[in-house]
Peer 1: 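Below you will find the structure I want to go over with you.
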Amino acid sequence: MTIALYPGTFDPIHNGHIDIATRAAALFDEVVLGIFNNQKMKNVLFSPEEREALAKQAVMHLPNVRVMTYGGLTVDFAHAIGADTLVRGLRAVSDFEWELQMALTNRALASDVEMVCLMADQEWVFLSSTIVKEVAGVGGNVQNMVPPATAQALEAYFGHS
Ligand code: ADP
């Protein structure tokens with residue numbers, strides 16, 4: 001059984017994340033969408049519980065995708081859940097440098113965990129959680145960027161209709 005870990009902050013989950021989770025679900029027997037939580041994380045809008053709840057609603061139609069929250073090293077969490085692959089999404093060249101750094105660091109920490117990058121779909125290639133929060137923060141409509149539960153949570157947070 002192949003288990004892959006798709007780790008990230010998911011603050012909040014958006015359609016680009018869901019696209020990667022959907023495609024990973026077709027490649028692996030099981031995908032764990034791992035929500036990284038660290039007490040020292042600043043600049044995070046939603047609590048780990050809120051991020052987990054939104055992610056769960058967003059992937060509930062994918063039977064082999066589970067959502068879990070974790071802290072500490074991503075490779076340690078991968079070992080704990082029996083995942084030997086990390087899945088990441090690659091948008092632009094700017095993502096590549098960071099992902100390469102992460103891949104090499106993770107490999108130095110745990111050479112048994114491989115990292116696989118899936119290319120972003122062209123529909124979502126410019127989408128990020130930061131953009132979603134910036135648009136929602138000034139009252140913009142994010143309904144074509146995020147699933148309904150995320151849109152509602154952003155609306156509740158920023159108080160726009
Ligand atoms: P992080 O904070 O680790 O960058 P994110 O929650 O922003 O985590 O993203 C998790 C993963 O999803 C990362 O691999 C990121 O590159 C990928 N990702 C984010 N946005 C998109 C998108 N629009 N299309 C494809 N992959 C994406």
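All residue numbers refer to positions in the sequence shown, counting from 1. Just so you know, these numbers come straight off a predicted model, no measurement behind them.
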Peer 1: Working to the nearest 0.5 angstrom, can you tell me the gap between Tyr157 OH and Phe46 CZ?
Peer 2: 8.0 Å
Peer 1: Do Glu99 and Leu90 come within less than 4.5 Å of each other through their side chains, counting heavy atoms only?
Peer 2: yes
Peer 1: Are the side chain of Arg51 and the backbone of Thr9 linked by a donor-acceptor contact shorter than 3.5 Å?
Peer 2: yes
Peer 1: Rounded to the nearest 0.5 Å, what separation is found between the CD1 atom of Ile20 and the CZ atom of Arg91?
Peer 2: 9.0 Å
Peer 1: By the definition side-chain contact (heavy atoms from CB on, under 4.5 Å), identify the one residue from Ile18, Asn15, Leu54 that meets it with Thr150.
Peer 2: Leu54
Peer 1: Looking only at heavy atoms, what is the nearest atom pair of Gln143 and Ala151, with distance?
Peer 2: CG-CB, 4.1 Å
Peer 1: Got a salt bridge between Asp11 and Lys133, using NZ or NE/NH1/NH2 to carboxylate O under 4.0 Å?
Peer 2: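 Counted as a salt bridge, because a side-chain N and a carboxylate O are separated by less than 4.0 Å.
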Peer 1: Write down the atom of Phe28, the atom of Asn64, and the distance for their closest heavy-atom approach.
Peer 2: O-ND2, 3.2 Å
Peer 1: Nearest heavy-atom pair of Leu33 and Ala21: which atoms, and what distance?
Peer 2: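 Reported closest heavy-atom pair: CD1-CB, 4.4 Å.
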Peer 1: Is a side-chain donor or acceptor of Thr2 paired with a backbone partner of Asp29 at a separation under 3.5 angstrom?
Peer 2: yes
Peer 1: Please find the pair of heavy atoms, one from Ala24 and one from Leu118, that lie closest to each other, and give the distance.
Peer 2: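 In this case the closest contact between Ala24 and Leu118 is N-CD1, 4.0 Å.
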Peer 1: Taking the inter-plane angle between the rings of His14 and His17 on a 0 to 90° scale, is it parallel (under 30°), tilted (30 to 60°) or perpendicular (over 60°)?
Peer 2: parallel
Peer 1: Verify the neighbour count for atom CG of Asn43: are there more than 12 heavy atoms of other residues, nucleotides or ligands below 6.0 Å?
Peer 2: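 No.
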